[in-house]
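Step one of this worksheet: look at the structure below.
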Amino acid sequence: MFHYTECGLPAIWLVNGFMKRKIYQGGPVYIKNLTGLHRLIAKTLINCRSALTGKEMIFLRRELRLLQQELAERLGVDPVFIHRWENSPRPLPRHADIALRALYAGALLERSEKELFVHLISESAPLLVKERLYFIFSQRHWQRYQPAPSRA
């Protein structure tokens, strides 16, 4: 397994789909279909029931290819708020969380997928515990991987 911290998120693990390279080949790890992986991570984030964090906001903003100023305009807030939320250890305020999820869903998901993520506002109490997210590369695309529960 590979702990994929280069995306800026602390809880991303790849089961396969990566190859460790020698330094002279341009970097320590090659990841297959990186664009597909990032898209799946973003979909998983907006579908999680836990409140989004500042690091997750940065990841989603970058996937949307927006600057802080542009995201602020889309969310209807001052850019100072985007900066504060992205750098805060606390979860995003609920209104910002919902707006960011909806913005991503509306901008990047295929038409048929948008309905899958409509439950965004169904949960009122945010979960503060973050789970590890595992991904596996199979048949030329990335999928969410659910490891077997550990026996304690």
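Numbers here simply count residues along the sequence, with the first being 1. What you see is a predicted model, and the numbers here were worked out from it, not measured in a lab.
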Mind jotting down which residue pairs meet the ring-ring contact (aromatic ring centres under 6.0 Å, His included) criterion with at least one end in residues 36-70? Sequence neighbours excluded, please.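 As it turns out, the ring-ring contact (aromatic ring centres under 6.0 Å, His included) pairs with a partner in residues 36-70, which skip direct neighbours, are Y4-H38, H38-F59.
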Within-4.5 Å side-chain heavy-atom neighbours: [X] and [Y]:
X   : Y   : value
L14 : V29 : no
L45 : L9  : yes
I12 : C7  : yes
L60 : I46 : yes

Look only at the side chain of D97 and the backbone of L52, and say whether a donor-acceptor pair between them is shorter than 3.5 Å.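 Such a contact is found between D97 side chain and L52 backbone.
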Under the side chain to side chain contact (heavy atoms under 4.5 Å, CB included) test, which residues partner [X], sequence neighbours left out?
X   : answer
I58 : R61, R62, E86
N16 : I136, F137
L40 : T44, F135, W142
A72 : V77, P79, I82

Indicate, with yes or no, if L34 and Y145 share a hydrophobic cluster defined by side-chain heavy-atom contacts under 4.5 Å among Ile, Leu, Val, Met, Phe, Trp and Tyr.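 No, separate clusters.
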Do L66 and Y104 share a hydrophobic cluster, counting only Ile, Leu, Val, Met, Phe, Trp and Tyr and linking them when any side-chain heavy atoms are less than 4.5 Å apart?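 Linked within one cluster.
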Does R144 have any salt bridge (Lys or Arg N to Asp or Glu O under 4.0 Å) partners at least two apart in sequence or in another chain, and if so, which?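 For R144 the salt bridge (Lys or Arg N to Asp or Glu O under 4.0 Å) partners, ignoring immediate neighbours, are E131.
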I need the minimum non-hydrogen distance between R101 and N47, along with the two atoms involved.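 Here R101 and N47 meet closest at NH1-N, 4.3 Å.
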What's the shortest heavy-atom distance between L37 and I31, and which atoms?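 The pair with the smallest heavy-atom distance is CD2-CG2, 3.8 Å.
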Let me see the working for Y134 and R132 under side chain to side chain contact (heavy atoms under 4.5 Å, CB included), right down to the final yes or no. CA-CA 6 Å; Y134 295 89; R132 283 186 176 179; 3.2 Å; yes
Name all residues meeting the ring pair (Phe, Tyr, Trp, His ring centres under 6.0 Å) criterion together with [X]; count only those two or more places apart in sequence or in a different chain, and write none if there are none.
X   : result
F81 : W85
H3  : W13
H83 : none

What pairs meet the salt bridge (charged side-chain N to carboxylate O under 4.0 Å, His left out) rule with one or both residues in residues 72-85, with sequence neighbours excluded?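 Found none.
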Can you list every pair that meets salt bridge (charged side-chain N to carboxylate O under 4.0 Å, His left out) and has a residue in residues 1-11, with sequence neighbours left out?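 Salt bridge (charged side-chain N to carboxylate O under 4.0 Å, His left out) check on residues 1-11 returns no pairs.
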Give, for atom [atom1] of [X] and atom [atom2] of [Y], the distance between the pair rounded to the nearest 0.5 Å.
X    : Y    : atom1 : atom2 : value
M57  : S88  : CE    : OG    : 11.0 Å
L133 : I41  : CG    : CD1   : 8.0 Å
Q139 : H141 : CD    : NE2   : 6.5 Å

